[in-house]
Amino acid sequence: MSTTGSATSSSLWRRPYAKLAIALLCLAGLLAVELLTNTEIRIGGLMVAVPALSATFLPPGQVLFVVLLTLPSVYLAAINNHTLDTKAFPVSFATVVLISIASVATATVRQRRERELAQSRWVAAVMQNLLLRPLPCRLGPLSISSVYISAEEEANIGGDVYAAAVTARSVRLMVGDVEGKGLGAVEMVGYLLSAFRQAARNGTTLAELPDFLDRRLRDELVDALATSDDASDSVSRRRAMEGFVTAVIVEFREGEDVVRIANRGHPPPLLIRQDNVLPLDPRTSALPLGLGDLRADEHQVDTYELAVGDRLLLYTDGVIEARDAAGRFYPLADRVARWTDRDLDEMIDAVRSDLLRHVGARPADDVAMVAVQRMV
C-alpha cells in the first residue's frame, strides 16, 4: 500500500463515526447473510460478537446504540430460522442481553482508563517540560542538538538528565544519569537540575561545581527523608543513603579555544574532529555526585583544545550498554565516525535510529545524548 493510501485510511479511521459505521456494517452483513441464505448452518449467533468487539474501540454510548440494533437483529434471525418458539431461544436471547450489558460496561471502564492514561501523559509532558527543558539550537558559540529516549514505554522522562546554563563568561552543559528508576529517579533529577541552575546564578566556578552539586544532592535527600510520612521506611532510607548521580559537565568560555570538563563517574565525552572520534577520558577518576562523603576527592577539571568546527558528544551509559540480540554492546564511537560529514541534527538522528535498530526495540535503559559544535 502506498504512503498516501495508508495516510488516507488512517485519517478515515480517526473520524468520529467511522468506527461505529464499521460495527454497524458488520452487524448488517451478518443479518443479511442470515436472512438471504438458506443453509443448515446459521450464523445469527455471531451477531452477539459485534457489541462485544465494539466495546474495545467505541465509546459506551455508541456501544449501547449497537446493542439496541443487535437485539432486534437477533430476534429477526430467530424468526427467520424458526427458533423463536423453541425452548432454547429464551436462554440464548438472555445470553445476548447479558453479553450486551457487559459490553457497555466494558466500554465504560475502558474509556475511563483511557482518560486517566491521557491525563497521566499530560502530567508527564508537563513534568518533562519543567525538568528537561528543551535545549536551544544555538547557545553562544555553540550549535546544539539533543535526543532523549525513556526506557519506560508510557514515560517521557526517566533517570537520565541534560541541561544547559549560561554564566557571566561561559556556557555550560551537563549530562547525567541517576541511579535507579521510577519516581525516585525523577525526584533526583529535579534536585540535580535545581542545583545546577542555582550554581550558574551564584557564579560557582566549574572547579567548585561538583562539590556544590554533591552537597546539594545529599542535603535534599536527607531533607526528603526527614519530612517523609514514615522516616523508618527502609526503601526511603536506602535511597537517601545510597542515591547518586554520574555526571559530566562541560564549559565553554568566551574567546577561548578550549573546553573544560568535570567528570564524576560518567562515560567520557567523544571529541569529533573531522573524521576522527576520540574519547576524552578524565585524568583522574572521581566518585559520582551524592557520594562525596565517602571519600575526599580533588575535583580535577580537564582541559582540551576545541577548534572551530569541532564537535563534542555527551551521552549516558544507556547508549554504550545497549545490547543487540546477540548481547553485543552498541559501538558508539565506531558508529558516530560514519556520520561525521552530516550536520549536527542529522548526525544525532542517525545515531538514534541506528541505536534503535541495534537493540531491535525500546532500550532497556534510558538514553540521553547531547551533541555540540563550536561554530565561531
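Side-chain atoms of D275 and T340 form a donor-acceptor pair, as typed in the model, at a separation below 3.5 Å. At a cut-off of 3.5 Å, with distance as the only test, a side-chain donor of T167 or S170 sits close to an acceptor on the other residue. Checked by atom type, the side-chain pair Y191/D219 shows no donor-acceptor distance below 3.5 Å. Between T205 and E208, the side chains place a donor N or O and an acceptor N or O closer than 3.5 Å (distance only, hydrogens not considered). Between N202 and T204, the side chains place no donor N or O within less than 3.5 Å of an acceptor N or O (distance only, hydrogens not considered). Between the side chains of Q373 and D310, no donor N or O sits under 3.5 Å from an acceptor N or O.
At a threshold of 4.0 Å, the pair R253-E251 counts as salt-bridged, since one of the basic side-chain nitrogens sits closer than that to a carboxylate oxygen. Looking at E254 and R169, no side-chain N of the basic residue comes within less than 4.0 Å of a carboxylate O on the acidic one, giving no salt bridge. Under 4.0 Å is where a charged nitrogen must lie from a carboxylate oxygen, and between D349 and R342 no such pair does. Looking at R218 and D214, a side-chain N of the basic residue comes within less than 4.0 Å of a carboxylate O on the acidic one, giving a salt bridge.
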Test side-chain contact (heavy atoms from CB on, under 4.5 Å) on L173 and Y162; report intermediate values, then the result.
CA-CA 7 Å; L173 291 170; Y162 56 72; over 6 Å; no

What verdict does the side-chain contact (heavy atoms from CB on, under 4.5 Å) test give for Y330 and R335, after you've listed the backbone C-alpha separation in whole Å, the side-chain angles of each residue and the deciding distance to 0.1 Å?
CA-CA 9 Å; Y330 183 70; R335 297 295 176 86; 3.4 Å; yes

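M369 and L313 get closest at one heavy-atom pair: CB-CD1, 4.4 Å. Looking at every heavy atom in both residues, V63 comes nearest to A107 through CG2-CB, 3.7 Å. For the pair S100 and L71, the tightest heavy-atom approach, listed with the atom from each and the gap, is OG-CD2, 4.2 Å. Heavy-atom minimum distance, A23 versus V50: O-CG1, 3.5 Å. The heavy-atom pair separating N263 from A286 by the smallest distance is O-CB, 3.9 Å.
Around the CZ atom of R113, the shell of radius 6.0 Å holds no more than 12 heavy atoms that belong to other residues, nucleotides or ligands. The neighbour count for E114 CD, taken as heavy atoms of other residues, nucleotides or ligands under 6.0 Å away, is above 12. More than 12 heavy atoms of other shown residues, nucleotides or ligands fall within 6.0 angstrom of atom CZ in F212.
Proximity of a side-chain donor or acceptor of D324 to a complementary backbone N or O of R328 within less than 3.5 Å is detected. Without hydrogens or angle criteria, R352 side chain to V147 main chain gives no donor-acceptor distance under 3.5 Å. N80 contributes a side-chain N or O that, together with a main-chain N or O of E34, makes up a donor-acceptor pair within less than 3.5 Å. Checked by atom type and distance alone, the side chain of R138 pairs as donor or acceptor with a backbone atom of G140 at under 3.5 Å. A donor-acceptor pair under 3.5 Å is formed between the side chain of T316 and the backbone N or O of A368.
Separation of atoms CG (L344) and CD1 (I144) is listed at 9.0 Å; rounding is to 0.5 Å.
Between P269 and Y304 there is no side-chain heavy-atom pair separated by less than 4.5 Å. Between L69 and L27, the closest side-chain pair of non-hydrogen atoms falls below 4.5 Å. Two residues are said to be in side-chain contact when any heavy atoms from C-beta on lie closer than 4.5 Å; D341 and M347 fail this criterion.
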